[in-house]
Q: 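Supplied in structure tokens, the structure appears directly below.
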Amino acid sequence: RMFAPLLKSCGAVGIDMDVSSSKTLADSLDNAQRLDDPYFNTLLRIVATRCMSQAQYCVSGGGGSGTSGGGDPSQSLSHYGLAAALYTHF
């Protein structure tokens with residue numbers, strides 16, 4: 001659902017994009033090349049990035065285990081782009 005614009009764009013030009021995980025997305029983006037257009041891959045990466053959720057920040061220890069900020073367990077501290085189950089940055 002969140003990658004619908006990317007999938008639509010890729011489908012229109014015959015590119016197969018697998019967005020089932022961050023690893024398959026990265027592999028698909030790596031393989032999406034056009035020899036006649038050196039900017040094609042860069043454009044696809046921009047579209048993919050714009051489809052992703054904006055980062056949410058939390059205070060260390062402020063939201064309980066595995067949550068971001070408000071204590072909502074559905075708000076995981078995972079990092080989709082890095083394929084990391086738990087991500088912190090300081």
Side-chain angles (χ1 to χ4, degrees):
R1 179 182 68 154
M2 74 178 179
F3 288 108
L6 176 66
L7 295 172
K8 183 177 180 181
S9 298
C10 289
V13 294
I15 299 290
D16 184 37
M17 191 66 53
D18 184 350
V19 298
S20 60
S21 74
S22 57
K23 172 74 170 119
T24 60
L25 172 60
D27 290 343
S28 293
L29 286 169
D30 287 343
N31 293 326
Q33 302 287 334
R34 281 192 159 176
L35 298 178
D36 63 329
D37 187 353
Y39 299 105
F40 179 75
N41 187 267
T42 300
L43 178 63
L44 285 183
R45 290 176 186 276
I46 290 169
V47 173
T49 301
R50 293 196 178 233
C51 291
M52 294 179 191
S53 301
Q54 186 175 9
Q56 294 182 7
Y57 299 92
C58 67
V59 176
S60 177
S65 178
T67 64
S68 62
D72 181 355
S74 69
Q75 298 295 315
S76 171
L77 292 177
S78 64
H79 190 292
Y80 189 85
L82 296 178
L86 181 64
Y87 175 78
T88 61
H89 179 79
F90 48 96

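Hydrogens, waters and symmetry mates play no part in the numbers below; they use all other heavy atoms, side chains included. If you're wondering where the values come from, they're calculated on a predicted model, not measured in any experiment. Along the sequence shown, the residues carry numbers beginning at 1.
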Q: State which residues pass salt bridge (Lys or Arg N to Asp or Glu O under 4.0 Å) with Arg45; sequence neighbours excluded, sorted by chain then number.
A: Asp30
Q: Can you name the nearest heavy-atom pair linking Phe3 to Ala48, along with the distance?
A: CE2-O, 3.8 Å
Q: Using the test side-chain contact (heavy atoms from CB on, under 4.5 Å), find all partners of Asn31 that sit at least two apart in sequence or belong to another chain.
A: none
Q: Answer yes or no: is there a donor N or O on one side and an acceptor on the other, between the side chain of Asn41 and the main chain of Arg34, under 3.5 Å?
A: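 Answer holds: no.
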Q: Would you compute the distance between atom CG of Leu25 and atom CG of Leu29 and round it to the nearest 0.5 angstrom?
A: 4.5 Å
Q: Decide whether Tyr39 and Ile46 are clustered together by the hydrophobic rule: side chain heavy atoms of Ile, Leu, Val, Met, Phe, Trp, Tyr closer than 4.5 Å, transitively.
A: no
Q: Can you pull the side-chain hydrogen bond (donor to acceptor under 3.5 Å, both in side chains) pairs that have at least one residue in residues 1-17, sequence neighbours excluded?
A: none
Q: Where do Leu6 and Cys51 come nearest, in terms of heavy atoms and distance?
A: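 Closest pair (atom of Leu6, atom of Cys51, distance): N-SG, 4.0 Å.
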Q: Just to verify, what does Asp18 make a salt bridge (Lys or Arg N to Asp or Glu O under 4.0 Å) with, not counting sequence neighbours?
A: none
Q: Hey, are the side chains of Met17 and Leu44 touching, using non-hydrogen atoms and a 4.5 Å cut-off?
A: yes
